[in-house]
Amino acid sequence: MKPALSIVVGVLAAVLVGGVALASPEDQPKLRIPVPKADKQSPVSPSAKISPAEASDYEGLSVEFTLDKTEYRAGDGFAAQCVIRCAWQPRRVFNPFFVDSVERPGRVRVFNQGGKLVAEMLDSGETDSKVDMQSFWVSISRGGFVGAPLRLQPSSDLRPGNYRMQIVLSETIVSGAPSKEVVAASALVPFKVIAGILPIDH
């Protein structure tokens, strides 16, 4: 299976300031994040041996992932919400909005009922040399959070059946450097894809 996926990323959190979601706006500058464009996702390699991860955090930095529904018709898009929380101490996190003009700090993975990886979304972005990298760092206060709504559009290759989806954060979230090492993972979110309604020929 070679699902082609595209994503449009929005920005949402407790407070909206200057186009950026910040958990603690009182000590933040007014930043501007470029509006991401839709992008094509790479197909999952048939040899990929990635299994669902257990929900985990990184020194109190955790991630939550939710879907707007539990059942979708084949070809429907997904509306998801990703929330990154800081429990123990203030932290700076990189690109929590998953903008594609710089390195993205995580991936959304889809597994079938047997636990096989069938789709992976949020490919690494290609960093634009003209982008101010510092503008993608966001400070989260202790007990605070920052969130981003994600709109995911699967291809018809995501056949009817039962699936589970989760988001995993890489070390990029705290380093800003490209990395595939997973440091935190959300719980697995179950959903079902059902056959779409075919038009009636007259």
Side-chain angles (χ1 to χ4, degrees), residues 5-25 28-41 53 55-58 60-69 72 77-87 90-110 119-128 131-141 143-154 165-179 182-189 191:
L5 303 134
S6 62
I7 178 171
V8 178
V9 182
V11 176
L12 178 68
V15 182
L16 295 177
V17 179
V20 178
L22 302 175
S24 301
Q28 298 291 336
K30 289 189 176 182
L31 307 177
R32 292 278 179 183
I33 296 295
V35 177
K37 61 182 181 300
D39 60 282
K40 294 292 183 66
Q41 303 298 321
S56 60
D57 69 271
Y58 177 76
L61 192 70
S62 62
V63 59
E64 300 171 4
F65 183 78
T66 55
L67 290 170
D68 66 327
K69 298 186 293 185
Y72 301 84
F78 297 88
Q81 176 77 17
C82 172
V83 176
I84 298 172
R85 296 185 181 276
C86 185
R91 273 193 177 278
R92 294 179 76 221
V93 295
F94 182 75
N95 192 16
F97 316 114
F98 300 93
V99 178
D100 64 355
S101 57
V102 294
E103 184 72 16
R104 286 171 170 160
R107 303 286 183 272
V108 173
R109 293 171 174 169
V110 179
E120 188 168 30
M121 296 167 273
L122 295 178
D123 284 350
S124 296
E126 295 184 3
T127 301
D128 186 338
V131 170
D132 177 12
M133 298 292 288
Q134 290 301 314
S135 68
F136 288 89
W137 286 96
V138 175
S139 294
I140 306 178
S141 61
F145 67 91
V146 63
L150 308 175
R151 293 199 64 84
L152 312 173
Q153 181 63 53
M165 190 183 298
Q166 75 176 159
I167 192 167
V168 295
L169 298 181
S170 69
E171 194 175 19
T172 303
I173 193 70
V174 292
S175 71
S179 176
V182 174
V183 297
S186 72
L188 289 157
V189 180
F191 68 97

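In this text, all values refer to a predicted model and were calculated from it rather than measured experimentally.
With contacts defined as side-chain heavy-atom distances shorter than 4.5 Å, the pair Arg91/Tyr58 qualifies. The closest side-chain heavy-atom distance from Cys82 to Val63 is below 4.5 Å. For the pair Phe136/Pro96, no side-chain contact is recorded, criterion being any heavy-atom separation below 4.5 Å from C-beta on. Using a 4.5 Å heavy-atom cutoff, the side chains of Val138 and Phe94 are not in contact.
Residues Ser186 and Gln166 come closest through the heavy atom pair O-NE2, 2.9 Å. Closest of all the heavy-atom pairs between Trp137 and Val174 is CH2-O, 3.4 Å. Summarising the geometry of Asp57 relative to Ala184, their closest heavy-atom pair is CA-CB, 4.1 Å, with the distance given to 0.1 Å. The minimum heavy-atom distance between Ser170 and Val183, with the atom names listed, is O-CG2, 3.5 Å.
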- Task: Applying side-chain contact (heavy atoms from CB on, under 4.5 Å), run through Val108 and Phe65 and close with a yes or a no.
- Result: CA-CA 9 Å; Val108 173; Phe65 183 78; 4.2 Å; yes
Q) Going through the checks in order, is the side-chain contact (heavy atoms from CB on, under 4.5 Å) test met by Leu188 and Met165? A) CA-CA 6 Å; Leu188 289 157; Met165 190 183 298; over 6 Å; no
Quick one, Val168 with Arg109, criterion side-chain contact (heavy atoms from CB on, under 4.5 Å). Give me CA distance, side-chain angles, the key distance, then yes/no. CA-CA 8 Å; Val168 295; Arg109 293 171 174 169; 3.9 Å; yes
message = Could you walk me through whether Met133 and Glu103 satisfy the side-chain contact (heavy atoms from CB on, under 4.5 Å) test, starting with their C-alpha distance in whole Å, then the side-chain angles of each, then the deciding distance to 0.1 Å, before giving a yes or no?
response = CA-CA 10 Å; Met133 298 292 288; Glu103 184 72 16; over 6 Å; no
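How far CD1 of Ile173 is from CG of Asn95: 7.5 Å, rounded to the nearest 0.5 Å. To the nearest 0.5 Å, the span separating CD on Glu64 from CD1 on Ile84 amounts to 10.5 Å.
Under the 6.0 Å cut-off for aromatic ring centres, Phe78 and Phe191 qualify, their centroids lying closer than that.
At distances below 3.5 Å, not a single donor-acceptor pair connects side-chain atoms of Arg92 with backbone N or O atoms of Ser139.
Checking Thr172, Leu61, Leu169 one by one against Val93, the side chain to side chain contact (heavy atoms under 4.5 Å, CB included) holds for a single residue, Leu61.
The side-chain contact (heavy atoms from CB on, under 4.5 Å) test applied to Ser175 returns Glu171, Ala177, not counting sequence neighbours.
Cation-pi check for Arg85 over Phe145 is met; the charged atom lies under 6.0 angstrom from the ring centroid and within 45 degrees of its normal.
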